[in-house]
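Keep in mind that what you see is a predicted model, and the values were worked out from it rather than measured.
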Amino acid sequence: MNDTEVSKTISQMVMFIKQEAEEKAAEIGVSAEEEFNITKLQLLEAEKAKIRKEFERREGTIEVKKKVEHSKQLNESRIKVLQAREDAVQTLLHEAFSSLAALSKDQAAYRRLLTDLLVQALDKLKEPKALVRCRQVDVQLVQDAMSAAQAKFKQEFGRQAPELELDTKHPLPPPPRAGTHTHDDEFQSCCGGVVVTSADGKIVCSNTLDDRLRITYSQNLPQIRTLLFGAPQLAY
């Protein structure tokens, strides 16, 4: 093999090696780029997942805050409604007390009412002697009603009425101021009626108009609320 052939063979080998190197370099470049893209995609997806998780956490926190705030506002609204209803009921009760205070203005009708209240109290006490307490402004009317009550008691029950005595040492509170009734008058005033006790004071029958109204109010409060606000809604 002469020099020309050797040179040609070497050139061919160099070209072959160079081509293989270029192909190998290209493969490495493609592989590196693919690996880079995969790694980049993984990092991108990981970052997206991290952002989504943080967003969901913040969204959940905001939702919880919204629910808490909604529940708070709902409770506050319910309390306001309940307070407004209670105020309305109390206003109605005070108006009823004021109407009771006006009953004593018609003295004839009020005397008949006192008579009936005394008869009822005597029947409940079933004592041979009873003490009668009243407002100072009602002393004369009650004295007249006591005699009438004894006669009516005998007529209705067919037996002698108990002995009655007016207790002037322990008068009932005075009428409400200016004929009206407010929260300040509660148990500090009396709209009328009588309190009848046994002679020793151990048995007490309160037949004041105030106590009769309170009893009626307590017994009929559910019906009163229904009339004012409608039937309660059942929660499901």
* For side chain to side chain contact (heavy atoms under 4.5 Å, CB included), just list the numbers for E156 and V119, CA-CA rounded to whole Å, side-chain angles, deciding distance to a tenth of an Å, and then say yes or no. => CA-CA 9 Å; E156 288 190 4; V119 171; 4.0 Å; yes
* Under the salt bridge (charged side-chain N to carboxylate O under 4.0 Å, His left out) rule, what do R58 and E54 come out as? Steps first, then yes or no, please. => CA-CA 6 Å; R58 293 187 180 186; E54 178 64 17; 2.9 Å; yes
* Starting from the C-alpha separation in whole Å, work towards a yes-or-no answer on side chain to side chain contact (heavy atoms under 4.5 Å, CB included) for C134 and V139. => CA-CA 7 Å; C134 67; V139 168; 4.2 Å; yes
* To do: Take E23 and Q19, measure what side chain to side chain contact (heavy atoms under 4.5 Å, CB included) needs, and give me the verdict at the end.
  => CA-CA 6 Å; E23 290 176 356; Q19 185 178 356; 3.4 Å; yes
* In sequence, state the C-alpha distance, the side-chain angles, and the governing distance for Q120 and R212, and then conclude on side chain to side chain donor-acceptor pair (under 3.5 Å). => CA-CA 12 Å; Q120 185 183 64; R212 295 295 294 267; 2.7 Å; yes
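The closest donor-acceptor contact from the side chain of S31 to the backbone of E27 lies at 3.5 Å or more, if one exists at all. The backbone N or O of K67 lies less than 3.5 Å from no partner atom in the side chain of S71, so there is not a single donor-acceptor pair.
By the 6.0 Å contact criterion, CD on E33 is open, its count of non-hydrogen atoms from other residues, nucleotides or ligands being 12 or less. Within 6.0 Å of the NZ atom in K126, the count of heavy atoms belonging to other residues, nucleotides or ligands exceeds 12.
F97 and L221 fall within the same hydrophobic cluster, defined by Ile, Leu, Val, Met, Phe, Trp and Tyr side-chain heavy atoms under 4.5 Å apart, directly or through other members. I215 and L118 fall into different hydrophobic clusters, where Ile, Leu, Val, Met, Phe, Trp and Tyr side chains are chained together by heavy-atom contacts under 4.5 Å. L93 and L103 end up in the same hydrophobic cluster when Ile, Leu, Val, Met, Phe, Trp and Tyr side chains are linked at under 4.5 Å. With hydrophobic clusters built from ILVMFWY side chains whose heavy atoms lie under 4.5 angstrom apart, I203 shares a cluster with L164.
Counting only heavy atoms from C-beta outward, the side chains of R214 and D211 approach each other to under 4.5 Å. Side chains of K154 and R159 form no contact here, defined as non-hydrogen atoms less than 4.5 Å apart. Looking at heavy atoms from C-beta onward, D167 lies out of side-chain contact with V195 at the 4.5 angstrom threshold. In this structure, the side chains of V132 and E165 stay at 4.5 Å or more apart for every pair of heavy atoms. Considering only heavy atoms from C-beta on, V89 comes within 4.5 Å of Y217 through its side chain. Contact annotation: the side chain of R133 never approaches that of V194 to less than 4.5 Å [non-hydrogen atoms, C-beta and beyond]. P175 is listed as a side-chain neighbour of V137, based on a closest heavy-atom distance under 4.5 Å. Using a 4.5 Å heavy-atom cutoff, the side chains of E45 and Q42 are not in contact.
When every heavy atom of L114 is checked against every heavy atom of A145, the shortest pair comes out as CB-CB, 3.8 Å. Minimum heavy-atom separation, G193 to L172: O-CD1, 3.9 Å. Contact between Y110 and L209 at its shortest, heavy atoms only, is CE1-CD1, 4.5 Å. Residues L131 and A199 share a closest heavy-atom pair of CD1-O, 3.7 Å. The heavy-atom pair separating S189 from D210 by the smallest distance is O-OD2, 3.9 Å. Closest of all the heavy-atom pairs between L166 and M146 is N-CE, 3.9 Å.
With sequence neighbours left out, the ring pair (Phe, Tyr, Trp, His ring centres under 6.0 Å) criterion links F229 to no other residue. With sequence neighbours excluded, the residues that form a side chain to side chain contact (heavy atoms under 4.5 Å, CB included) with T39 are E35, L43. With sequence neighbours excluded, the residues satisfying side-chain hydrogen bond (donor to acceptor under 3.5 Å, both in side chains) with D200 are S198.
A salt bridge between R225 and E86 is present, with a side-chain N of the basic residue lying under 4.0 Å from a carboxylate O of the acidic one.
Rounding to the nearest 0.5 angstrom, the gap separating the CZ atom in F153 from the CG atom in D123 is 5.5 Å. From E95, atom CD reaches atom CG of L100 across 12.5 Å, with rounding to the nearest 0.5 Å. Taken from CD in E63 to NE2 in H70, the straight-line distance is 11.0 Å, to the nearest 0.5 Å. Taking CD of Q223 as the reference point, atom CG of L228 lies at 12.0 Å (rounded to 0.5 Å). With rounding to the nearest 0.5 angstrom, the CD atom of E47 is 5.0 Å from the CD1 atom of I51. Separation of atoms CD (E59) and OG1 (T61) is listed at 10.0 Å; rounding is to 0.5 Å.
Only one option out of R135, Q136, Q140 pairs with D138 in a side-chain hydrogen bond (donor to acceptor under 3.5 Å, both in side chains); it is R135.
One side chain, Q83 or D87, offers a donor N or O that lies under 3.5 Å from an acceptor on the other.
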